[in-house]
Amino acid sequence: MKSRLLLGVCLSALLLGGVLVVALPRLTASPHLDTVDASADSLAKKYNSPSGLCPWRNPATDLKAFFPTATTSKEEFLTLSRHTGEIEKQLHRKVTGEETGLQIHRVYQGSTPIGVVVARRVKGEYGAIEIVVASDTQNRVVGIKIQRHREPEKTAALLKNPDFLKFFEGKTVQSEWNCHCEQVEISPKSIKSIDAVQGGVHTVMVLLSVQDIWKKA
């Protein structure tokens, strides 16, 4: 009887020892914490990425500038995946993921549609450049605005130059899209950002023109 009792105590002690061997390191170890890369480069990539939806930051002011008779605007998202072939044909390149959809703001005078506004990010030399493009119901550029950028002073001056901005007025997808116009002297250091804006506006106009969006207005 005593032998069985002793054997039971020994087995219990061995079992308890095994549990402690497994559990003790976990109980005494420092808690595991997930780390987050909060470096300047990481944050810049996250918040200045050209992909993703770009907000229209000053609708009231921009609406008056682009469409003086406008009374209201309505946000809408267009799904363009079925037009991929036509988009690639007009852009002469492969379509990116964000180009299979487009967030637009239809503009109305009363109940009559008079145009559309699109805000879009492009990748400049020093980070994201946010552009606002206004188009009429004939798919012609009414005007553009640079709403945010991180470019140095000389490039910023070009992006805000009235002659440069005016270059886009009246443009359609069939127009000449070479922004190196004679009225604006463009330095070599600014070419990448200027070309990014030009390409961004042209892309917006292509995305707007691949389907008749005014049938849904």
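Keep in mind that the numbers below use all heavy atoms, side chains included, and drop hydrogens, waters and symmetry copies.
- The shortest side-chain heavy-atom distance between Ile129 and Ile146 falls under the 4.5 Å cut-off.
- Shortest non-hydrogen contact noted between Ala128 and Arg121 is CB-CD, 4.3 Å.
- In the hydrophobic cluster analysis, where Ile, Leu, Val, Met, Phe, Trp and Tyr join through side-chain heavy atoms closer than 4.5 angstrom, Ile104 is grouped together with Trp214.
- Every residue was checked against the salt bridge (charged side-chain N to carboxylate O under 4.0 Å, His left out) condition with Arg148, not counting sequence neighbours, and none meets it.
- The nearest pair of heavy atoms linking Ser135 to Val142 is C-CG2, 3.8 Å.
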Side chain to side chain contact (heavy atoms under 4.5 Å, CB included) between Leu102 and Arg120, intermediate numbers included: CA-CA 9 Å; Leu102 188 67; Arg120 192 170 184 83; 3.9 Å; yes

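- Counting heavy-atom neighbours within 6.0 Å of Lys192 NZ, excluding the residue itself, gives a total above 12.
- By the 4.5 Å heavy-atom criterion applied to side chains, Val141 and Glu169 are not counted as neighbours.
- The closest side-chain donor-acceptor pair between Glu125 and Ser193, if any, does not fall under 3.5 angstrom.
- Between the CH2 atom of Trp177 and the CD atom of Gln174 there is a distance of 10.0 Å, given to the nearest 0.5 Å.
- By the rule that hydrophobic residues join a cluster once side-chain heavy atoms approach within less than 4.5 Å of another member, Tyr126 and Leu159 end up as members of separate clusters.
- The shortest side-chain heavy-atom distance between Ile194 and Phe164 falls under the 4.5 Å cut-off.
- With contacts defined as side-chain heavy-atom distances shorter than 4.5 Å, the pair Lys189/Lys154 does not qualify.
- Hydrophobic clustering, with ILVMFWY side chains joined whenever heavy atoms are under 4.5 angstrom apart, keeps Met205 apart from Ile114.
- Ile144 and Val204 fall within the same hydrophobic cluster, where Ile, Leu, Val, Met, Phe, Trp and Tyr residues are linked whenever their side-chain heavy atoms come under 4.5 Å apart, directly or through other members.
- Side chains of Thr100 and Ser81: no donor on one and acceptor on the other come within 3.5 Å.
- Taking 4.5 Å as the limit, some side-chain heavy atom of Cys54 sits within range of a side-chain heavy atom of Gln147.
- Nearest heavy-atom pair across Lys171 and Glu176 is CE-O, 3.0 Å.
- Salt-bridge annotation for Glu130 and Arg57: present, with a side-chain N of the basic residue lying under 4.0 Å from a carboxylate O of the acidic one.
- Note that the CG atom of Asp163 and the CG atom of Asn161 stand 5.0 Å from one another [nearest 0.5 Å].
- Under the 4.5 Å side-chain heavy-atom criterion for Ile, Leu, Val, Met, Phe, Trp and Tyr, Leu91 and Ile131 are members of the same hydrophobic cluster.
- For the atom pair NE2 of His202 and CG of Asp195, the computed distance is 13.0 Å after rounding to the nearest 0.5 Å.
- Between the NZ atom of Lys94 and the OG1 atom of Thr84 there is a distance of 9.5 Å, given to the nearest 0.5 Å.
- Pairing each heavy atom of Phe168 with each of Val197, the nearest pair is CZ-CG1, 4.3 Å.
- In this structure, Asn58 contributes its side chain and Asp62 its backbone to no donor-acceptor pair below 3.5 Å.
- Contact detail for Ala119 and Pro55: the closest heavy-atom pair is CB-O, 3.7 Å.
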Worked check of side chain to side chain contact (heavy atoms under 4.5 Å, CB included) between Thr172 and Asn139: CA-CA 6 Å; Thr172 68; Asn139 292 326; 6.0 Å; no

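- The side-chain contact (heavy atoms from CB on, under 4.5 Å) with Gln211 is formed by just one residue from the set Leu208, Leu207, Ile213; it is Ile213.
- The CD atom of Gln109 lies 3.5 Å from the OG1 atom of Thr69; values are rounded to the nearest 0.5 Å.
- When all heavy atoms of Val210 and Glu86 are compared, the pair lying nearest together is CG1-CG, 3.9 Å.
- For the atom pair Lys160 NZ and Glu151 CD, the distance stands at 11.5 Å (nearest 0.5 Å).
- Formation of a donor-acceptor pair under 3.5 Å by the Thr203 side chain with backbone atoms of Gly199 is found in this model.
- Between Arg106 and Glu76, at least one side-chain nitrogen of the basic residue sits less than 4.0 Å from a carboxylate oxygen of the acidic one, meeting the salt-bridge criterion.
- Contact annotation: the side chain of Glu75 never approaches that of Trp56 to less than 4.5 Å [non-hydrogen atoms, C-beta and beyond].
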Derivation and outcome, side chain to side chain contact (heavy atoms under 4.5 Å, CB included), residues Phe67 and Val117: CA-CA 10 Å; Phe67 302 100; Val117 173; 4.0 Å; yes

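- Under a 3.5 Å cut-off, the side chain of Ser209 and the backbone N or O of Val173 do not form any donor-acceptor pair.
- A donor atom on one side chain and an acceptor atom on the other are found under 3.5 Å apart for Glu99 and Thr96.
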